Amino acid sequence: MSESKYESKITSSSCSAAQIYNVLGNLSNLERVRDLIPKDKIQEMEIQPDYVRIKVDGLGQKITIAIVDRIENDTVKFGIEGAPMDANFWIQLKEISPTDTRIRLTIKADIPMMFRMMIGSKLQQGLDQAADMLAQFPYSQWA
């Protein structure tokens with residue numbers, strides 16, 4: 001296996017880096033959207049400020065997504081434990097002005113070559129969609 005790196009396109013949010021960081025840097029905020037998570041996909045979910053532990057339908061084991069590093073108003077780094085492959089990802093913020101913060105997501109994962117060819121473009125597409133979603137999120141309403 002070799003490590004693969006994927007980066008999203010850079011998107012722009014109308015919120016400040018501090019507003020975005022304060023929401024994304026505390027996983028307890030997921031409690032506010034727990035009801036939006038499909039019950040048929042997630043069997044169990046434990047939410048804490050620094051990690052989320054979930055049991056995904058079909059995997060049979062719990063996966064932990066934990067914040068492993070934070071740089072205030074700049075970066076939130078996550079590690080993934082219990083997944084079929086080793087991976088980590090991070091969200092980078094660059095404030096251009098208080099009403100313009102750029103967002104980029106990056107993921108590094110140990111993906112076997114055979115699977116990389118099958119899922120690489122889907123992973124890239126998913127990262128770009130996640131970046132779009134994060135750019136549109138109403139962070140100022142969660143303060």
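Quick caveat, the model's predicted, so the values are computed rather than measured. Values reported hereafter were calculated over all heavy atoms of this structure, with side chains retained and with hydrogens, waters and symmetry mates removed.
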Under a 4.5 Å cut-off applied to non-hydrogen side-chain atoms, are [X] and [Y] in contact?
| X | Y | result |
| --- | --- | --- |
| Ile96 | Arg102 | yes |
| Leu134 | Leu24 | yes |
| Glu95 | Ser16 | yes |
| Tyr21 | Arg70 | yes |
| Pro49 | Asn26 | yes |
| Ile10 | Lys94 | no |

>> Assess the residue pair Lys5 and Glu7 against the criterion (salt bridge (charged side-chain N to carboxylate O under 4.0 Å, His left out)); give the C-alpha distance rounded to whole Å, side-chain angles, the decisive distance to 0.1 Å, and a yes or no.
In response: CA-CA 7 Å; Lys5 180 178 176 181; Glu7 292 181 334; 3.6 Å; yes
> Yes or no on side chain to side chain contact (heavy atoms under 4.5 Å, CB included) for Leu123 and Ile111, after CA distance, side-chain angles and deciding distance?
Replying inline: CA-CA 11 Å; Leu123 189 55; Ile111 304 172; 4.1 Å; yes
> Should we count CZ of Phe115 as having more than 12 external heavy atoms under 6.0 Å?
Replying inline: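 No.
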Is there a path of hydrophobic side-chain contacts, each under 4.5 Å between heavy atoms, that joins [X] and [Y]?
| X | Y | answer |
| --- | --- | --- |
| Leu105 | Ile119 | yes |
| Ile47 | Ile65 | yes |
| Ile37 | Val56 | yes |

>> To check you understand the geometry: which heavy-atom pair defines the closest contact between Cys15 and Phe137, and what is its length?
In response: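 Closest heavy-atom pair between Cys15 and Phe137: SG-O, 4.4 Å.
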> Just by distance, with hydrogens left out, do Asp100 and Ser12 show a side-chain donor and acceptor under 3.5 Å apart?
Replying inline: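 The criterion, which ignores hydrogens and geometry beyond distance, is satisfied for Ser12 and Asp100.
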> Asp74: what forms a salt bridge (Lys or Arg N to Asp or Glu O under 4.0 Å) with it, not counting sequence neighbours?
Replying inline: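 Scan of Asp74 (salt bridge (Lys or Arg N to Asp or Glu O under 4.0 Å), adjacent residues dropped) gives none.
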For residues 79-93, run the donor-acceptor check on the side chains, cut-off 3.5 Å, and write out each pair with its distance to 0.1 Å, sequence neighbours left out.
{"residue": "Gln92", "atom": "OE1", "partner": "Arg104", "partner atom": "NE", "Å": "3.3"}

